[in-house]
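For reference, the structure discussed in these notes is given below.
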Amino acid sequence: MIIDRAEVIVTSPDRNFVTLKITTSDGVTGLGDATLNGRELAVVAYLREHVVPLLAGRDPHRIEDAWQFLYRSAYWRRGPVTMAAIAAVDMALWDIKGKVTGLPVYQLLGGASREGLLAYGHASGKELPELFDSVREHLADGYRAIRIQSGVPGLKAIYGIASQASDTGGGEARYDHEPARRGELPVQEDWDTRAYLRHLPGVFEAVRHEFGPELPLLHDGHHRMTPIQAAKLGKDLEPFDLFWLEDCTPAENQEALRLVRQHTTTPLAIGEIFNTVWDFQDLIREQLIDYVRGAVTHMGGITPLKKTIDYAAQYQIKSGFHGPTDISPVGMAAQAHLGLAIHNFGIQEYMPHGEKTNQVFEQSFTWQDGLLHPGDQPGLGVTLDTDEAGRYPYERAYLPYNRLADGTMHDW
Ligand code: KDG
Ligand code: MG
């Protein structure tokens with residue numbers, strides 16, 4: 001059996017997704033997610049022009065070798081575009097191996113280490129009553145861990161708050177809020193870190209008061225603080241016992257995490273925009289983080305993310321794979337198989353996809369009692385309905401961006 005062909009499928013049911021489909025000479029197909037939110041077509045070109053021509057004739061069983069070949073032979077290494085493209089090939093080959101052996105991918109990775117994956121959902125609200133309602137809705141949906149994002153007085157739209165019809169100019173209210181408006185230029189939002197730092201501890205105090213001490217609570221700082229601001233927030237949030245504080249500072253300056261660590265025992269999670277084990281190397285070895293946020297789709301696939309998380313295990317650092325809706329159902333399935341198999345699983349982010357997306361991608365995924373399970377179909381357990389996918393052509397879409405009150409660009 002050899003790889004016969006590979007094709008890149010772009011579809012935009014609720015948002016854009018890029019999928020690689022590899023077909024073998026025996027007619028077995030494998031899917032891989034290559035979605036890079038807001039820069040999708042760069043990965044499409046990388047795959048179509050530079051990767052697809054290299055695949056025909058290769059042995060699909062040689063996953064490690066294919067990965068090393070694509071990583072090393074390009075000479076130019078790393079980066080989100082390159083690694084998303086390699087990730088798609090890696091996932092598709094694991095999918096094929098599962099189908100050929102008749103086993104779900106988690107069995108090939110060592111078998112299940114648990115019954116299912118603890119997953120957290122996204123509660124949000126501009127004001128406390130709206131936020132509390134959102135927490136209650138998530139509890140009713142079975143979530144046993146919840147991320148809390150809140151409005152900040154004086155700021156209009158902020159990261160992580162579900163948009164209402166009134167926010168989208170009368171358009172569709174969106175829970176998955178990014179990109180804000182498809183087909184348009186990026187939306188500008190406003191930001192004030194001092195106002196945020198003043199407001200957030202009170203929000204967590206109120207949530208703890210309302211929902212008690214047991215519920216695991218998470219928060220995403222979305223790269224917006226300086227190291228000393230992040231240290232202060234971590235310290236201020238200590239009484240509310242967070243499961244984690246995510247992306248408290250921009251990831252480029254990794255020394256920042258050392259400073260934050262010196263000041264607070266609030267657990268830290270980072271890495272949703274990282275691409276390789278090298279991005280995590282110092283943070284893991286020096287135990288500057290508690291959770292690895294890499295996604296299978298952006299870390300180059302199941303193969304390298306497993307190596308990264310196995311390395312983290314030596315330091316009791318756990319997984320917290322990135323799972324917003326810009327990870328396609330294929331990418332979510334791939335990391336659910338990995339999460340089920342590894343010993344040092346921590347938690348999985350889970351933002352359910354929209355109805356149209358679920359019609360394009362049929363999934364064996366289950367969600368029960370707050371636990372995700374990738375299902376027991378051979379391979380990844382996802383099929384792509386190409387006719388349905390063809391109904392939703394690509395639409396250019398951008399993430400929002402931030403400016404401070406005086407017009408200075410800030411991290412979004
Ligand atoms: O594409 C950007 C999103 O994936 C990101 O903003 C979501 O930070 C995010 C999260 O933690 O889910
Ligand atoms: Mg995040």
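Note: hydrogens, waters and symmetry copies are ignored here, and every other heavy atom, side chains too, is used. Source: prediction; values computed, not measured. Just follow the structure's listing: the first ligand is 1, and inside any ligand the first atom is 1.
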Is it the side chain, the backbone, both or neither of Tyr120 that has a heavy atom closer than 4.0 Å to ligand 1? neither
The Mg ion (ligand 2) to Glu349: any N/O/S contact under 2.8 Å? no
What atoms in ligand 1 come closer than 4.0 Å to a heavy atom of Trp412? 6 (O)
Ring geometry between Tyr120 and Trp244 (parallel below 30°, tilted from 30 to 60°, perpendicular above 60°): perpendicular
A cation-pi test, strictly: NZ or CZ of Arg285 under 6.0 Å from the centre of the six-membered ring of Phe280 and no more than 45 degrees from its axis. Yes or no? no
Hey, does the side chain of Asp90 reach the backbone of Ile302 with a donor-acceptor pair shorter than 3.5 angstrom? yes
Counting from 1 in the order shown, the ligand 1 atoms closer than 4.0 Å to a non-hydrogen atom of His222 are 5 (C), 6 (O), 8 (O), 9 (C)
Of the backbone atoms (N, CA, C, O) and the side-chain heavy atoms from C-beta on, which set of Met351 has a member under 4.0 Å from an atom of ligand 1: side chain, backbone, both, or neither? neither
Angle class for the Tyr315/Tyr311 ring planes (parallel below 30°, perpendicular above 60°, tilted otherwise)? perpendicular
Check whether any N or O atom of Glu272, backbone or side chain, sits under 3.5 Å from an N or O atom of ligand 1, and answer yes or no. yes
Over all atoms of both residues, closest heavy-atom pair of Leu31 and Thr19: CD2-CG2, 4.1 Å
So, is Asp247 placed with an N/O/S atom under 2.8 Å from the Mg ion (ligand 2), counting both backbone and side chain? no
Lys/Arg N to Asp/Glu carboxylate O, Asp310 vs Lys306, below 4.0 Å: yes
In degrees, rounded to 10 degrees, what angle do Asp220 atom OD2 and Glu272 atom OE1 make at the Mg ion (ligand 2)? 180°
Would you mind telling me if ligand 1 is within reach of the side chain of His298, the backbone, both or neither, using heavy atoms under 4.0 Å? neither
Using a strict threshold of under 4.0 Å (side-chain N to carboxylate O), is an ion pair present between Arg261 and Asp290? yes
Counting from 1 in the order shown, the ligand 1 atoms closer than 4.0 Å to a non-hydrogen atom of Asp220 are 8 (O), 9 (C), 10 (C), 11 (O)
